[in-house]
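Reading through the C-alpha coordinates given below for one structure.
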Number of protein chains: 2
Amino acid sequence: MPTILIVDDEDDIRELIAVNLMREENYKLLEAKDGLEALDLSKNKKPDLIILDLMLPEMDGVKVYKKLRDDVRTESIPVIMLTARGRLEEKIAGLEMGADDYMPKPFSPKELMLRVRNLLRRSNPNHGGNLIESGPFSLDKSALKLHLEGEEIELTATEFKLLLSLIESPGITQERGDLLRKVWGYSDMIQTRTLDTHIKRLREKLGGFGEAIETVRGVGYRFSEA
Amino acid sequence: MPTILIVDDEDDIRELIAVNLMREENYKLLEAKDGLEALDLSKNKKPDLIILDLMLPEMDGVKVYKKLRDDVRTESIPVIMLTARGRLEEKIAGLEMGADDYMPKPFSPKELMLRVRNLLRRSNPNHGGNLIESGPFSLDKSALKLHLEGEEIELTATEFKLLLSLIESPGITQERGDLLRKVWGYSDMIQTRTLDTHIKRLREKLGGFGEAIETVRGVGYRFSEA
DNA sequence: TGAATCCGTGACAGTTTTGTCACTGCTATA
DNA sequence: TATAGCAGTGACAAAACTGTCACGGATTCA
(Lines give C-alpha, C1' and ligand atoms only; values in the text may rest on other atoms or scores of the structure.)
Protein backbone atom coordinates (compact mmCIF):
# COMPACT_ATOMS: atom_id res chain seq x y z
CA MET A 1 0.00 0.00 0.00
CA PRO A 2 2.00 2.95 -1.28
CA THR A 3 1.88 6.32 0.44
CA ILE A 4 1.39 9.38 -1.75
CA LEU A 5 2.10 12.92 -0.67
CA ILE A 6 0.06 15.68 -2.29
CA VAL A 7 1.57 19.13 -2.10
CA ASP A 8 -0.71 21.96 -3.13
CA ASP A 9 -1.98 25.09 -1.44
CA GLU A 10 -5.40 24.88 -3.08
CA ASP A 11 -7.76 22.79 -0.99
CA ASP A 12 -10.02 21.82 -3.86
CA ILE A 13 -7.20 20.50 -6.00
CA ARG A 14 -5.91 18.35 -3.17
CA GLU A 15 -9.41 17.11 -2.64
CA LEU A 16 -9.86 16.34 -6.33
CA ILE A 17 -6.69 14.32 -6.45
CA ALA A 18 -7.42 12.56 -3.20
CA VAL A 19 -10.86 11.50 -4.28
CA ASN A 20 -9.60 10.09 -7.54
CA LEU A 21 -6.68 8.31 -6.00
CA MET A 22 -8.79 6.67 -3.35
CA ARG A 23 -11.39 5.54 -5.80
CA GLU A 24 -9.45 3.05 -7.82
CA GLU A 25 -6.58 1.91 -5.71
CA ASN A 26 -5.61 1.30 -2.18
CA TYR A 27 -3.30 4.20 -1.55
CA LYS A 28 -2.52 5.97 1.66
CA LEU A 29 -2.52 9.75 1.37
CA LEU A 30 -0.61 12.56 2.98
CA GLU A 31 -1.29 16.19 2.28
CA ALA A 32 0.77 19.33 2.60
CA LYS A 33 -0.18 22.92 1.95
CA ASP A 34 3.24 24.45 1.59
CA GLY A 35 6.83 23.60 0.97
CA LEU A 36 7.97 23.42 4.56
CA GLU A 37 5.24 21.02 5.49
CA ALA A 38 6.01 18.96 2.39
CA LEU A 39 9.69 18.61 3.23
CA ASP A 40 8.89 17.72 6.80
CA LEU A 41 6.42 15.01 5.83
CA SER A 42 8.73 13.62 3.17
CA LYS A 43 11.45 13.01 5.69
CA ASN A 44 9.39 11.68 8.52
CA LYS A 45 6.72 9.65 6.78
CA LYS A 46 8.65 8.95 3.57
CA PRO A 47 6.01 8.70 0.86
CA ASP A 48 6.48 6.43 -2.14
CA LEU A 49 5.45 9.17 -4.52
CA ILE A 50 5.02 12.94 -4.38
CA ILE A 51 2.57 15.01 -6.38
CA LEU A 52 3.96 18.54 -6.27
CA ASP A 53 2.36 21.74 -7.46
CA LEU A 54 4.98 24.13 -8.73
CA MET A 55 2.93 27.16 -7.66
CA LEU A 56 3.27 27.35 -3.93
CA PRO A 57 3.24 30.26 -1.50
CA GLU A 58 6.40 31.08 0.40
CA MET A 59 8.70 28.50 -1.14
CA ASP A 60 8.01 27.66 -4.78
CA GLY A 61 7.79 24.10 -6.03
CA VAL A 62 11.08 24.14 -7.85
CA LYS A 63 12.86 25.00 -4.62
CA VAL A 64 11.02 22.25 -2.81
CA TYR A 65 11.98 19.79 -5.51
CA LYS A 66 15.63 20.74 -5.29
CA LYS A 67 15.61 20.36 -1.54
CA LEU A 68 14.03 16.94 -1.87
CA ARG A 69 16.75 15.85 -4.26
CA ASP A 70 19.50 17.15 -2.00
CA ASP A 71 18.56 14.92 0.91
CA VAL A 72 19.50 11.24 0.90
CA ARG A 73 16.27 10.45 2.70
CA THR A 74 14.13 11.80 -0.10
CA GLU A 75 16.31 11.86 -3.20
CA SER A 76 14.93 8.68 -4.67
CA ILE A 77 11.24 9.43 -4.25
CA PRO A 78 9.59 9.92 -7.64
CA VAL A 79 7.81 13.23 -8.17
CA ILE A 80 4.97 14.23 -10.44
CA MET A 81 4.91 17.98 -11.00
CA LEU A 82 1.74 19.94 -11.53
CA THR A 83 2.23 23.00 -13.67
CA ALA A 84 -0.08 25.58 -15.21
CA ARG A 85 -0.64 24.90 -18.87
CA GLY A 86 1.64 26.75 -21.21
CA ARG A 87 4.17 27.75 -18.66
CA LEU A 88 6.80 26.17 -20.81
CA GLU A 89 9.76 27.44 -18.87
CA GLU A 90 8.57 25.58 -15.81
CA LYS A 91 8.00 22.45 -17.78
CA ILE A 92 11.46 22.54 -19.19
CA ALA A 93 12.99 23.41 -15.88
CA GLY A 94 11.19 20.45 -14.36
CA LEU A 95 12.41 18.00 -16.90
CA GLU A 96 15.94 19.26 -16.79
CA MET A 97 15.99 18.83 -13.07
CA GLY A 98 15.21 15.22 -13.61
CA ALA A 99 11.56 15.32 -12.61
CA ASP A 100 9.98 11.98 -13.09
CA ASP A 101 6.86 13.29 -14.72
CA TYR A 102 4.77 16.42 -15.00
CA MET A 103 1.11 17.23 -15.57
CA PRO A 104 -0.24 20.47 -16.99
CA LYS A 105 -3.23 21.93 -15.11
CA PRO A 106 -6.08 21.49 -15.53
CA PHE A 107 -5.46 17.79 -15.74
CA SER A 108 -7.56 14.72 -16.32
CA PRO A 109 -7.89 12.69 -13.14
CA LYS A 110 -7.75 9.52 -15.18
CA GLU A 111 -4.46 10.47 -16.74
CA LEU A 112 -3.04 11.36 -13.37
CA MET A 113 -4.05 7.92 -12.07
CA LEU A 114 -2.23 6.26 -14.92
CA ARG A 115 0.94 8.23 -14.29
CA VAL A 116 0.79 7.46 -10.59
CA ARG A 117 0.42 3.79 -11.26
CA ASN A 118 3.23 3.74 -13.79
CA LEU A 119 5.64 5.61 -11.61
CA LEU A 120 4.94 3.43 -8.62
CA ARG A 121 5.45 0.32 -10.66
CA ARG A 122 8.66 1.66 -12.12
CA SER A 123 10.11 2.77 -8.81
CA ASN A 124 9.06 -0.31 -6.94
CA PRO A 125 9.46 -3.10 -9.43
CA ASN A 126 8.11 -6.42 -8.35
CA HIS A 127 6.53 -5.03 -5.27
CA GLY A 128 9.72 -5.67 -3.36
CA GLY A 129 10.14 -9.20 -4.61
CA ASN A 130 6.66 -10.09 -3.46
CA LEU A 131 5.14 -10.25 -6.90
CA ILE A 132 5.64 -13.11 -9.30
CA GLU A 133 4.09 -12.65 -12.71
CA SER A 134 3.44 -15.00 -15.55
CA GLY A 135 1.16 -14.02 -18.38
CA PRO A 136 -2.03 -12.60 -16.89
CA PHE A 137 -1.24 -14.17 -13.52
CA SER A 138 0.21 -12.04 -10.78
CA LEU A 139 0.83 -13.76 -7.45
CA ASP A 140 1.34 -11.55 -4.43
CA LYS A 141 3.45 -13.39 -1.90
CA SER A 142 2.88 -10.84 0.82
CA ALA A 143 -0.90 -10.76 0.58
CA LEU A 144 -1.29 -14.41 -0.45
CA LYS A 145 -3.52 -13.23 -3.23
CA LEU A 146 -3.76 -13.69 -6.94
CA HIS A 147 -4.45 -10.88 -9.37
CA LEU A 148 -5.86 -12.11 -12.62
CA GLU A 149 -6.85 -9.56 -15.22
CA GLY A 150 -7.57 -6.88 -12.66
CA GLU A 151 -9.63 -9.23 -10.55
CA GLU A 152 -8.44 -10.09 -7.10
CA ILE A 153 -8.75 -13.73 -6.17
CA GLU A 154 -8.43 -14.95 -2.62
CA LEU A 155 -6.46 -18.13 -2.18
CA THR A 156 -6.13 -20.38 0.84
CA ALA A 157 -2.67 -21.14 2.12
CA THR A 158 -2.61 -24.53 0.42
CA GLU A 159 -3.90 -23.20 -2.86
CA PHE A 160 -1.35 -20.45 -2.75
CA LYS A 161 1.56 -22.80 -2.20
CA LEU A 162 0.34 -25.12 -4.92
CA LEU A 163 -0.12 -22.38 -7.48
CA LEU A 164 3.22 -20.85 -6.58
CA SER A 165 4.94 -24.19 -7.06
CA LEU A 166 3.40 -24.55 -10.48
CA ILE A 167 3.91 -20.98 -11.59
CA GLU A 168 7.54 -20.90 -10.53
CA SER A 169 8.41 -23.49 -13.15
CA PRO A 170 6.26 -22.55 -16.12
CA GLY A 171 6.20 -25.12 -18.88
CA ILE A 172 7.82 -27.76 -16.70
CA THR A 173 5.86 -30.82 -15.76
CA GLN A 174 6.00 -31.42 -12.05
CA GLU A 175 5.48 -34.94 -10.84
CA ARG A 176 2.79 -35.68 -8.31
CA GLY A 177 5.41 -36.66 -5.79
CA ASP A 178 7.26 -33.39 -6.29
CA LEU A 179 4.17 -31.32 -5.69
CA LEU A 180 3.17 -33.36 -2.67
CA ARG A 181 6.62 -32.84 -1.22
CA LYS A 182 6.76 -29.13 -1.97
CA VAL A 183 3.29 -28.22 -0.81
CA TRP A 184 2.50 -30.80 1.84
CA GLY A 185 5.93 -32.05 2.85
CA TYR A 186 4.84 -35.61 2.17
CA SER A 187 7.84 -37.78 1.45
CA ASP A 188 5.99 -40.61 -0.22
CA MET A 189 2.24 -41.22 -0.20
CA ILE A 190 1.63 -40.85 -3.91
CA GLN A 191 -1.65 -42.69 -3.69
CA THR A 192 -3.64 -39.80 -2.38
CA ARG A 193 -6.44 -37.88 -3.99
CA THR A 194 -5.64 -34.72 -2.06
CA LEU A 195 -3.57 -33.20 -4.81
CA ASP A 196 -6.31 -33.74 -7.37
CA THR A 197 -8.88 -32.13 -5.16
CA HIS A 198 -6.80 -29.05 -4.60
CA ILE A 199 -6.00 -28.78 -8.28
CA LYS A 200 -9.70 -28.84 -8.92
CA ARG A 201 -10.36 -26.10 -6.38
CA LEU A 202 -7.62 -24.00 -7.86
CA ARG A 203 -8.93 -24.42 -11.38
CA GLU A 204 -12.35 -23.38 -10.20
CA LYS A 205 -11.03 -20.18 -8.69
CA LEU A 206 -9.08 -19.42 -11.84
CA GLY A 207 -12.24 -19.55 -13.90
CA GLY A 208 -11.45 -19.69 -17.60
CA PHE A 209 -7.76 -19.53 -16.82
CA GLY A 210 -7.96 -22.87 -15.07
CA GLU A 211 -6.77 -24.44 -18.28
CA ALA A 212 -3.37 -22.96 -17.60
CA ILE A 213 -2.91 -25.90 -15.23
CA GLU A 214 -2.47 -28.83 -17.56
CA THR A 215 -2.76 -32.45 -16.57
CA VAL A 216 0.09 -34.69 -17.65
CA ARG A 217 -1.41 -38.09 -17.38
CA GLY A 218 0.57 -40.54 -15.34
CA VAL A 219 3.09 -37.90 -14.34
CA GLY A 220 1.69 -34.78 -12.74
CA TYR A 221 0.75 -31.22 -13.65
CA ARG A 222 2.21 -28.39 -15.64
CA PHE A 223 1.58 -24.67 -15.62
CA SER A 224 1.63 -23.13 -19.06
CA GLU A 225 1.61 -19.37 -19.33
CA ALA A 226 -1.13 -18.33 -21.66
CA MET B 1 13.48 -28.96 -2.46
CA PRO B 2 16.78 -29.26 -4.31
CA THR B 3 17.60 -32.27 -6.44
CA ILE B 4 21.00 -33.84 -5.96
CA LEU B 5 22.64 -36.20 -8.42
CA ILE B 6 25.08 -38.74 -7.00
CA VAL B 7 27.50 -40.21 -9.52
CA ASP B 8 29.48 -43.18 -8.28
CA ASP B 9 29.91 -46.75 -9.47
CA GLU B 10 30.15 -48.15 -5.95
CA ASP B 11 26.71 -49.01 -4.62
CA ASP B 12 27.66 -48.69 -0.97
CA ILE B 13 29.06 -45.22 -1.34
CA ARG B 14 25.95 -44.00 -3.11
CA GLU B 15 23.91 -45.55 -0.37
CA LEU B 16 26.02 -43.96 2.34
CA ILE B 17 25.60 -40.52 0.80
CA ALA B 18 21.93 -41.01 0.17
CA VAL B 19 21.20 -42.07 3.71
CA ASN B 20 23.01 -39.09 5.15
CA LEU B 21 21.46 -36.61 2.79
CA MET B 22 17.98 -37.86 3.44
CA ARG B 23 18.43 -37.83 7.18
CA GLU B 24 18.82 -34.16 7.84
CA GLU B 25 17.25 -32.36 4.94
CA ASN B 26 14.53 -32.62 2.46
CA TYR B 27 16.46 -33.37 -0.68
CA LYS B 28 15.42 -35.28 -3.74
CA LEU B 29 18.00 -37.71 -4.98
CA LEU B 30 19.06 -39.03 -8.35
CA GLU B 31 21.72 -41.68 -8.78
CA ALA B 32 23.98 -42.63 -11.66
CA LYS B 33 26.49 -45.43 -11.91
CA ASP B 34 28.54 -44.18 -14.78
CA GLY B 35 29.37 -41.11 -16.77
CA LEU B 36 26.89 -41.60 -19.57
CA GLU B 37 24.02 -42.05 -17.19
CA ALA B 38 25.18 -38.99 -15.25
CA LEU B 39 25.23 -36.77 -18.31
CA ASP B 40 21.87 -38.02 -19.40
CA LEU B 41 20.25 -37.36 -16.03
CA SER B 42 21.88 -33.95 -15.73
CA LYS B 43 20.32 -32.80 -18.92
CA ASN B 44 16.88 -34.25 -18.50
CA LYS B 45 16.25 -33.87 -14.81
CA LYS B 46 18.63 -30.98 -14.19
CA PRO B 47 19.80 -31.45 -10.60
CA ASP B 48 20.67 -28.48 -8.41
CA LEU B 49 23.90 -30.09 -7.31
CA ILE B 50 26.06 -32.98 -8.47
CA ILE B 51 28.26 -35.16 -6.30
CA LEU B 52 30.76 -36.73 -8.68
CA ASP B 53 33.27 -39.46 -8.00
CA LEU B 54 36.37 -38.94 -10.12
CA MET B 55 37.01 -42.70 -10.31
CA LEU B 56 34.46 -44.03 -12.74
CA PRO B 57 34.53 -46.95 -15.17
CA GLU B 58 34.40 -46.22 -18.87
CA MET B 59 34.48 -42.44 -18.75
CA ASP B 60 36.46 -40.93 -15.88
CA GLY B 61 35.07 -38.20 -13.68
CA VAL B 62 37.23 -35.48 -15.12
CA LYS B 63 35.85 -36.16 -18.56
CA VAL B 64 32.30 -36.12 -17.22
CA TYR B 65 32.96 -32.85 -15.48
CA LYS B 66 34.30 -31.26 -18.66
CA LYS B 67 31.30 -32.43 -20.61
CA LEU B 68 29.00 -30.97 -18.00
CA ARG B 69 30.72 -27.62 -18.24
CA ASP B 70 30.57 -27.63 -22.02
CA ASP B 71 26.79 -27.79 -22.16
CA VAL B 72 24.70 -24.70 -21.51
CA ARG B 73 22.08 -26.86 -19.86
CA THR B 74 24.48 -28.07 -17.20
CA GLU B 75 27.32 -25.57 -17.06
CA SER B 76 26.03 -23.73 -14.03
CA ILE B 77 25.30 -26.73 -11.83
CA PRO B 78 27.69 -26.82 -8.89
CA VAL B 79 29.73 -30.00 -8.48
CA ILE B 80 31.32 -31.61 -5.46
CA MET B 81 34.11 -33.97 -6.49
CA LEU B 82 34.95 -37.11 -4.58
CA THR B 83 38.58 -38.05 -4.87
CA ALA B 84 40.80 -40.69 -3.27
CA ARG B 85 42.90 -39.25 -0.51
CA GLY B 86 46.35 -38.16 -1.53
CA ARG B 87 45.73 -38.16 -5.24
CA LEU B 88 46.95 -34.66 -5.34
CA GLU B 89 47.08 -34.39 -9.07
CA GLU B 90 43.36 -35.03 -9.26
CA LYS B 91 42.69 -32.52 -6.57
CA ILE B 92 44.62 -29.86 -8.38
CA ALA B 93 43.10 -30.73 -11.71
CA GLY B 94 39.67 -30.45 -10.14
CA LEU B 95 40.26 -27.06 -8.67
CA GLU B 96 41.85 -25.72 -11.80
CA MET B 97 38.87 -26.80 -13.79
CA GLY B 98 36.78 -24.62 -11.56
CA ALA B 99 35.22 -27.38 -9.49
CA ASP B 100 33.08 -25.92 -6.81
CA ASP B 101 34.34 -28.17 -4.06
CA TYR B 102 36.00 -31.50 -3.52
CA MET B 103 36.03 -34.15 -0.81
CA PRO B 104 38.79 -36.68 -0.20
CA LYS B 105 37.62 -40.25 0.38
CA PRO B 106 36.94 -41.62 2.88
CA PHE B 107 34.91 -38.63 3.92
CA SER B 108 32.86 -37.66 6.93
CA PRO B 109 29.16 -37.68 6.10
CA LYS B 110 28.68 -34.68 8.32
CA GLU B 111 31.24 -32.67 6.45
CA LEU B 112 29.68 -33.63 3.15
CA MET B 113 26.31 -32.43 4.42
CA LEU B 114 27.77 -29.07 5.33
CA ARG B 115 29.34 -28.63 1.92
CA VAL B 116 26.14 -29.59 0.20
CA ARG B 117 24.19 -27.10 2.21
CA ASN B 118 26.70 -24.33 1.59
CA LEU B 119 26.88 -24.91 -2.12
CA LEU B 120 23.13 -24.98 -2.49
CA ARG B 121 22.79 -21.80 -0.55
CA ARG B 122 25.49 -20.13 -2.60
CA SER B 123 24.12 -21.20 -5.96
CA ASN B 124 20.54 -20.44 -5.08
CA PRO B 125 20.71 -17.35 -2.95
CA ASN B 126 17.52 -16.27 -1.33
CA HIS B 127 15.75 -19.40 -2.37
CA GLY B 128 14.63 -17.68 -5.55
CA GLY B 129 13.43 -14.56 -3.79
CA ASN B 130 11.26 -16.59 -1.50
CA LEU B 131 13.35 -16.12 1.60
CA ILE B 132 13.40 -12.97 3.65
CA GLU B 133 15.87 -12.90 6.50
CA SER B 134 16.32 -10.63 9.43
CA GLY B 135 18.54 -11.59 12.30
CA PRO B 136 17.67 -15.14 13.33
CA PHE B 137 14.34 -14.93 11.50
CA SER B 138 13.99 -16.53 8.11
CA LEU B 139 10.59 -16.30 6.47
CA ASP B 140 9.91 -18.64 3.58
CA LYS B 141 7.31 -17.06 1.33
CA SER B 142 6.84 -20.21 -0.73
CA ALA B 143 6.28 -22.57 2.17
CA LEU B 144 4.60 -19.97 4.40
CA LYS B 145 6.88 -21.05 7.19
CA LEU B 146 9.26 -19.46 9.59
CA HIS B 147 12.69 -20.80 10.38
CA LEU B 148 14.02 -19.58 13.68
CA GLU B 149 17.36 -20.86 14.88
CA GLY B 150 17.05 -24.10 12.98
CA GLU B 151 13.55 -24.68 14.27
CA GLU B 152 10.69 -24.73 11.84
CA ILE B 153 7.61 -22.86 12.98
CA GLU B 154 4.26 -23.28 11.28
CA LEU B 155 2.32 -20.08 10.78
CA THR B 156 -1.27 -19.59 9.76
CA ALA B 157 -1.96 -17.42 6.74
CA THR B 158 -2.86 -14.44 8.90
CA GLU B 159 0.14 -14.83 11.15
CA PHE B 160 2.36 -15.11 8.12
CA LYS B 161 1.07 -11.92 6.55
CA LEU B 162 1.33 -10.06 9.82
CA LEU B 163 4.88 -11.16 10.52
CA LEU B 164 5.90 -10.43 6.96
CA SER B 165 4.48 -6.94 7.20
CA LEU B 166 6.44 -6.30 10.35
CA ILE B 167 9.65 -7.92 9.23
CA GLU B 168 9.71 -6.11 5.91
CA SER B 169 10.17 -2.79 7.67
CA PRO B 170 12.49 -3.57 10.54
CA GLY B 171 12.88 -0.79 13.05
CA ILE B 172 9.92 1.11 11.66
CA THR B 173 6.84 1.55 13.77
CA GLN B 174 3.75 0.56 11.88
CA GLU B 175 0.50 2.10 12.94
CA ARG B 176 -2.40 -0.10 13.89
CA GLY B 177 -4.34 1.18 10.90
CA ASP B 178 -1.49 0.37 8.54
CA LEU B 179 -1.25 -3.20 9.74
CA LEU B 180 -5.00 -3.67 9.61
CA ARG B 181 -4.99 -2.43 6.04
CA LYS B 182 -2.04 -4.54 4.94
CA VAL B 183 -3.05 -7.79 6.56
CA TRP B 184 -6.82 -7.60 6.68
CA GLY B 185 -7.62 -5.02 4.05
CA TYR B 186 -9.64 -3.07 6.57
CA SER B 187 -9.84 0.55 5.53
CA ASP B 188 -10.82 1.95 8.89
CA MET B 189 -12.04 0.00 11.89
CA ILE B 190 -9.21 0.85 14.26
CA GLN B 191 -11.25 -0.03 17.27
CA THR B 192 -10.80 -3.77 16.98
CA ARG B 193 -8.97 -6.15 19.24
CA THR B 194 -8.20 -8.54 16.41
CA LEU B 195 -4.74 -7.16 15.76
CA ASP B 196 -3.80 -7.49 19.42
CA THR B 197 -4.96 -11.07 19.54
CA HIS B 198 -2.93 -12.05 16.50
CA ILE B 199 0.13 -10.24 17.82
CA LYS B 200 -0.24 -12.29 20.97
CA ARG B 201 -0.50 -15.55 19.03
CA LEU B 202 2.53 -14.63 16.96
CA ARG B 203 4.58 -13.77 20.02
CA GLU B 204 3.65 -17.10 21.56
CA LYS B 205 4.86 -19.01 18.53
CA LEU B 206 8.09 -17.02 18.46
CA GLY B 207 8.87 -18.08 22.01
CA GLY B 208 11.69 -16.03 23.47
CA PHE B 209 11.98 -14.14 20.22
CA GLY B 210 8.51 -12.73 20.70
CA GLU B 211 10.15 -9.67 22.16
CA ALA B 212 11.29 -8.77 18.67
CA ILE B 213 7.77 -7.47 18.17
CA GLU B 214 7.69 -4.31 20.21
CA THR B 215 4.59 -2.46 21.28
CA VAL B 216 4.57 1.26 20.57
CA ARG B 217 1.90 2.47 22.87
CA GLY B 218 -0.76 4.58 21.22
CA VAL B 219 0.70 3.97 17.76
CA GLY B 220 1.19 0.38 16.74
CA TYR B 221 3.94 -2.25 16.61
CA ARG B 222 7.53 -2.42 15.51
CA PHE B 223 9.77 -5.31 14.54
CA SER B 224 13.31 -4.95 15.80
CA GLU B 225 15.92 -7.37 14.53
CA ALA B 226 17.72 -8.87 17.46
C1' DT C 1 -13.89 -53.33 -27.95
C1' DG C 2 -12.70 -54.30 -23.25
C1' DA C 3 -9.85 -54.01 -19.27
C1' DA C 4 -7.04 -51.42 -16.48
C1' DT C 5 -5.50 -47.02 -14.89
C1' DC C 6 -5.75 -42.60 -13.91
C1' DC C 7 -8.11 -38.31 -13.14
C1' DG C 8 -12.24 -35.25 -12.04
C1' DT C 9 -15.81 -34.32 -8.90
C1' DG C 10 -19.15 -33.71 -5.08
C1' DA C 11 -20.09 -34.57 -0.47
C1' DC C 12 -18.79 -34.73 4.21
C1' DA C 13 -16.85 -34.58 8.74
C1' DG C 14 -12.92 -33.40 11.51
C1' DT C 15 -9.84 -29.87 12.42
C1' DT C 16 -7.96 -25.43 12.37
C1' DT C 17 -8.38 -20.76 12.05
C1' DT C 18 -10.51 -16.50 13.03
C1' DG C 19 -12.70 -12.46 15.06
C1' DT C 20 -14.97 -10.88 19.06
C1' DC C 21 -15.80 -9.98 23.76
C1' DA C 22 -15.21 -9.29 28.62
C1' DC C 23 -12.03 -8.77 31.79
C1' DT C 24 -7.46 -7.77 33.65
C1' DG C 25 -3.11 -5.47 33.80
C1' DC C 26 -0.12 -1.88 32.56
C1' DT C 27 1.41 2.94 31.58
C1' DA C 28 1.31 7.78 31.18
C1' DT C 29 -0.18 11.90 32.95
C1' DA C 30 -1.92 15.13 36.10
C1' DT D 1 -1.63 8.37 43.93
C1' DA D 2 -5.71 8.43 41.12
C1' DT D 3 -7.51 8.15 36.71
C1' DA D 4 -8.14 7.27 32.01
C1' DG D 5 -6.76 5.07 28.07
C1' DC D 6 -4.53 1.46 25.93
C1' DA D 7 -2.70 -3.29 25.51
C1' DG D 8 -2.61 -8.31 27.02
C1' DT D 9 -5.18 -12.45 27.67
C1' DG D 10 -8.34 -16.52 27.79
C1' DA D 11 -12.48 -18.34 26.24
C1' DC D 12 -15.73 -19.24 22.76
C1' DA D 13 -18.62 -19.84 18.73
C1' DA D 14 -18.79 -19.17 13.84
C1' DA D 15 -16.52 -19.78 9.68
C1' DA D 16 -13.13 -21.54 6.74
C1' DC D 17 -10.09 -25.00 5.44
C1' DT D 18 -8.59 -29.61 4.59
C1' DG D 19 -8.13 -34.49 3.57
C1' DT D 20 -10.61 -38.51 2.42
C1' DC D 21 -13.69 -41.37 0.05
C1' DA D 22 -16.77 -43.27 -3.38
C1' DC D 23 -18.21 -42.91 -7.79
C1' DG D 24 -18.14 -41.75 -12.63
C1' DG D 25 -15.80 -40.33 -16.72
C1' DA D 26 -11.81 -40.30 -19.61
C1' DT D 27 -7.71 -42.26 -21.56
C1' DT D 28 -4.46 -45.70 -22.77
C1' DC D 29 -3.12 -50.00 -24.50
C1' DA D 30 -3.71 -54.58 -25.90
Side-chain angles (χ1 to χ4, degrees), chain A residues 143-146 152-166 173-223, chain B residues 143-146 153-166 173-224:
Chain A
L144 304 185
K145 275 181 196 159
L146 170 68
E152 193 175 279
I153 299 178
E154 300 273 355
L155 299 176
T156 71
T158 307
E159 286 159 2
F160 178 85
K161 284 187 275 186
L162 179 55
L163 182 56
L164 183 60
S165 295
L166 289 167
T173 301
Q174 312 216 38
E175 300 175 18
R176 297 179 139 263
D178 283 344
L179 290 168
L180 285 169
R181 264 190 297 280
K182 278 196 221 178
V183 177
W184 284 271
Y186 291 175
S187 52
D188 37 18
M189 191 180 325
I190 316 284
Q191 77 303 356
T192 179
R193 211 111 292 280
T194 300
L195 173 58
D196 306 65
T197 301
H198 279 274
I199 288 281
K200 174 192 177 266
R201 289 170 183 161
L202 244 185
R203 282 174 171 160
E204 267 172 14
K205 288 202 179 176
L206 300 188
F209 292 93
E211 299 169 9
I213 301 177
E214 300 172 358
T215 304
V216 182
R217 194 180 167 82
V219 184
Y221 295 92
R222 174 178 51 212
F223 177 83
Chain B
L144 303 183
K145 275 182 196 158
L146 170 68
I153 298 178
E154 300 273 355
L155 300 176
T156 70
T158 307
E159 286 160 1
F160 179 85
K161 284 188 275 187
L162 179 55
L163 182 55
L164 184 59
S165 295
L166 289 167
T173 300
Q174 312 216 37
E175 300 174 18
R176 296 174 71 86
D178 284 344
L179 290 169
L180 284 168
R181 263 190 298 280
K182 279 197 222 179
V183 177
W184 285 270
Y186 291 174
S187 52
D188 37 19
M189 194 179 324
I190 316 282
Q191 77 303 355
T192 178
R193 214 109 290 284
T194 300
L195 173 58
D196 307 65
T197 302
H198 279 273
I199 288 280
K200 175 190 176 270
R201 289 171 182 159
L202 243 186
R203 282 172 170 159
E204 267 172 15
K205 287 201 179 176
L206 300 188
F209 292 94
E211 299 169 9
I213 301 177
E214 299 173 0
T215 303
V216 182
R217 195 181 169 82
V219 184
Y221 295 91
R222 175 177 52 213
F223 178 83
S224 72

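Side-chain atoms are counted along with the backbone in the values below, which use heavy atoms only and exclude waters and symmetry mates. Lettering follows sequence order; numbering is per chain, from 1.
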Between [X] and [N], does any side-chain N or O lie under 4.0 Å from OP1 or OP2?
| X | N | result |
| --- | --- | --- |
| A/W184 | D/dG19 | yes |
| A/R201 | D/dT18 | no |
| B/R203 | D/dG8 | yes |
| A/T192 | D/dG19 | no |
| A/R193 | C/dC6 | no |

May I have the distance from [X] (atom [atom1]) to [N] (atom [atom2]), rounded to whole angstrom?
| X | N | atom1 | atom2 | result |
| --- | --- | --- | --- | --- |
| A/E204 | C/dC7 | CD | C1' | 15 Å |
| A/L180 | D/dT18 | CG | P | 15 Å |
| A/L155 | C/dT17 | CG | C1' | 17 Å |
| B/R176 | D/dC6 | CZ | P | 9 Å |
| B/D196 | C/dC26 | CG | P | 16 Å |
| B/L202 | D/dA7 | CG | C1' | 16 Å |
| B/I213 | D/dT9 | CD1 | P | 12 Å |

[X] versus [Y]: any side-chain heavy-atom pair under 4.5 Å?
| X | Y | result |
| --- | --- | --- |
| A/E159 | A/L206 | no |
| B/D196 | B/Y221 | yes |
| B/I199 | B/T215 | no |
| A/L162 | A/L195 | yes |
| A/F160 | A/K145 | no |

For A/K200 and A/R217, take the nucleotide of DNA chain C holding the closest heavy atom to each; which residue's nucleotide lies nearer the 5' end?
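Final value for this comparison: A/R217.
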
Closest approach of B/R193 to B/R176 (non-hydrogen atoms, all atoms of both residues)
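Of all heavy-atom pairs spanning B/R193 and B/R176, the closest is NH2-NH2, 4.0 Å.
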
So, B/E214 side chain and B/S224 main chain: donor-acceptor pair closer than 3.5 Å or not?
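Side chain of B/E214 to backbone of B/S224, a donor-acceptor pair under 3.5 Å: no, none is there.
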
Take A/H198 and B/Y221, find for each the nucleotide of DNA chain D with the closest heavy atom, and name the residue whose nucleotide sits nearer the 5' end.
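Final value for this comparison: B/Y221.
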
Give one of base, sugar-phosphate or nothing for A/T194, where a contact means two heavy atoms less than 4.0 Å apart.
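Counting heavy atoms under 4.0 Å across all strands, the contact made by A/T194 includes a base.
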
Kindly state which residues belonging to residues 156-164 of chain B come within less than 4.0 angstrom of DNA chain D, counting heavy atoms of the residue only, listed by number.
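By residue number: none to list.
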
